[in-house]
Novice: 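Structure provided below as structure tokens; questions to follow.
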There are 2 protein chains.
Amino acid sequence: MRIGEVAEKAGVGVETIRFYERKGLIEQPRKPADGGYRSYSSETVNRVRFVREAQCLGFSLNEIEELLTLRADPETDCADVRERAQAKLDEVKDKIARLAGIQSALENLIQECRGDGPASSCCPILDALDTDDKESMT
Amino acid sequence: MRIGEVAEKAGVGVETIRFYERKGLIEQPRKPADGGYRSYSSETVNRVRFVREAQCLGFSLNEIEELLTLRADPETDCADVRERAQAKLDEVKDKIARLAGIQSALENLIQECRGDGPASSCCPILDALDTDDKESMT
DNA sequence: CTAGTGTCCGTAGCTAGGTACGGAGTCAAG
DNA sequence: CTTGACTCCGTACCTAGCTACGGACACTAG
């Protein structure tokens, strides 16, 4: 599969694929036999999609690389992989918990803003989140 | 409260507060009476903390402003607020769902990497996430 | 053989989100 | 009334993550 096809299937530009390649986020597919064109496997499409996905969720490209290198590297000791995976898992759980806080703040807001009149002093998104601060300030 | 105190309590630099002020993310506290110094309420500290928090979770500053302006703007119609809050709520739920996908991929990975030997071909973080793609490709 | 499309590479430019600099003013303590 | 800590403002600079440019090469169809 050539670069244009990968880019299209992953929903990004060709330049982005080249950029990710330089960053080491996807395989380096030098194939001088094939006229000097890059040739990718379909796994690359999934990798690129995963990168975009993880970016939306607040991971940097470096963190995403860490996530991706958790997989099959035959040289790596399994205990090490497990340890890094656990660290990432903790991060992910923390993100979920904090998003859940925002979620319930928004739900409260929607509950409280039932009427059609002026919003006056209802709509306390920060107030809803302040409780966190108060807990951590005792 | 002056800018340095806000910055310290929120755990950011003074320049960052000024930057957020320029962006309209926090109140504009021009107080020429007080020697020309900015004077902030303690709410600003919470706002700044919320901004940093939300950034970690993948929201841009523009999106964060949208979240923050959901609160008490006496001119705003409550129905409009509710609508925007619902849209944000959908985004947040979606993020949580996608993080949950990564979470279970990591949990699988940790399960499968029980041994101490070489990692060989276990550790399928992408494989675990591929299932998503397959569902959306039917 | 030629035109068109896709790819190669390096380098330059762009947006978001800060971060640092430098010269001047404010204020409290000594 | 000077010293030191803090603040003012504007501008310049920086990193991350793309995105565009431009000239050369490959491959396909006509």
Side-chain angles (χ1 to χ4, degrees), chain A residues 1-42 44-45 47-69 91 95 98, chain B residues 1-42 44-45 47-69 91 95 98:
Chain A
M1 198 189 303
R2 294 204 308 199
I3 195 169
E5 193 181 347
V6 173
E8 195 194 352
K9 285 188 177 166
V12 303
V14 165
E15 307 291 336
T16 304
I17 305 289
R18 296 214 309 123
F19 176 74
Y20 287 169
E21 190 181 316
R22 261 176 276 152
K23 288 277 171 179
L25 286 166
I26 57 176
E27 45 182 336
Q28 255 85 1
R30 224 47 312 267
K31 292 273 174 80
D34 190 22
Y37 291 171
R38 292 168 177 81
S39 177
Y40 295 99
S41 71
S42 63
T44 306
V45 176
R47 265 180 104 93
V48 174
R49 283 189 189 146
F50 176 73
V51 171
R52 304 312 294 232
E53 185 98 347
Q55 277 189 301
C56 290
L57 300 173
F59 294 97
S60 70
L61 292 187
N62 284 341
E63 289 171 325
I64 292 166
E65 191 181 357
E66 284 170 28
L67 278 169
L68 285 170
T69 55
E91 278 178 43
K95 273 182 204 275
R98 293 193 287 163
Chain B
M1 198 186 310
R2 293 203 308 199
I3 195 170
E5 193 180 348
V6 173
E8 195 193 352
K9 284 189 176 164
V12 303
V14 167
E15 307 291 338
T16 304
I17 305 289
R18 296 216 305 123
F19 177 73
Y20 287 169
E21 191 181 316
R22 259 176 278 151
K23 287 278 170 178
L25 286 166
I26 56 178
E27 43 181 337
Q28 255 86 358
R30 223 49 308 269
K31 289 276 173 80
D34 190 23
Y37 291 171
R38 291 167 177 83
S39 177
Y40 294 100
S41 71
S42 62
T44 306
V45 176
R47 264 180 104 94
V48 174
R49 282 190 188 143
F50 176 73
V51 172
R52 304 312 295 230
E53 186 97 348
Q55 275 189 300
C56 291
L57 300 173
F59 294 98
S60 70
L61 292 188
N62 284 341
E63 290 172 324
I64 293 167
E65 192 182 355
E66 285 172 26
L67 278 169
L68 285 170
T69 55
E91 278 178 41
K95 274 183 204 274
R98 294 193 287 163

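Just so it is clear: chains get the letters A, B, ... in the order the sequence lines come, proteins before strands, and each one is counted from 1. Please read these numbers as outputs of a predicted model, since none were measured by experiment.
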Novice: Atom CZ of F19(B) to atom P of dT15(C): distance rounded to whole Å?
Specialist: 14 Å
Novice: Is any side-chain nitrogen or oxygen of Q55(A) closer than 4.0 Å to OP1 or OP2 of dC18(D)?
Specialist: yes
Novice: Keeping Q28(A) on the side-chain end and E21(A) on the backbone end, is there a donor-acceptor pair under 3.5 Å?
Specialist: yes
Novice: Write down the distance between CD (E21(A)) and C1' (dG17(D)), rounded to a whole number of angstrom.
Specialist: 16 Å
Novice: Distance check needed: dA5(D) P versus Y37(B) OH, whole Å only.
Specialist: 14 Å
Novice: Under 4.0 Å from any atom of DNA chain D, heavy atoms only: list the residues of residues 6-14 of chain B that qualify, in numerical order.
Specialist: none
Novice: Quick one: are T16(A) and V48(A) in side-chain contact, heavy atoms under 4.5 Å?
Specialist: no
Novice: Can you tell me the distance, in whole Å, between the CD atom of E65(A) and the P atom of dG17(D)?
Specialist: 11 Å
Novice: Side chains of V12(B) and Y20(B), heavy atoms from C-beta outward: is any pair under 4.5 Å?
Specialist: no
Novice: Without decimals, in angstroms, what is the distance between R2(B) CZ and dA5(D) P?
Specialist: 14 Å
Novice: With a 4.5 Å cut-off on side-chain heavy atoms, are K95(B) and K95(A) touching?
Specialist: no
Novice: With a 4.5 Å cut-off on side-chain heavy atoms, are M1(A) and V45(A) touching?
Specialist: yes
Novice: Separation of R52(A) atom CZ from dG17(D) atom P, in whole Å?
Specialist: 11 Å
Novice: What pair of heavy atoms forms the shortest contact from L61(B) to L25(B), and how long is it?
Specialist: O-CD2, 3.7 Å
Novice: For R38(A) and dC8(C), give me the distance from atom CZ to atom P, rounded to whole Å.
Specialist: 4 Å
Novice: Could you write out each protein N or O paired with an N or O of nucleotides 11-16 of chain D at a distance under 3.5 Å?
Specialist:
none

Novice: Taking the side chain as every heavy atom from C-beta outward, state whether E15(B) and F19(B) have any pair of such atoms under 4.5 Å apart.
Specialist: no
Novice: dC8(C) P sits how many Å from I17(A) CD1, rounded?
Specialist: 11 Å
Novice: Look at E5(B) together with K9(B) and state whether they make a salt bridge at an N to O cut-off of under 4.0 Å.
Specialist: yes
Novice: Counting side-chain heavy atoms from C-beta on, which of dT7(C), dT7(D), dC18(D) comes nearest to I3(B)?
Specialist: dT7(D)
Novice: Please tell me if Y20(B) has a side-chain N or O lying less than 4.0 Å from either OP1 or OP2 of dG17(C).
Specialist: no
Novice: Does a nitrogen or oxygen in the side chain of T16(A) sit under 4.0 Å from OP1 or OP2 of dG17(D)?
Specialist: no
Novice: Looking only at heavy atoms, what is the nearest atom pair of R47(A) and I26(A), with distance?
Specialist: NE-CA, 4.0 Å
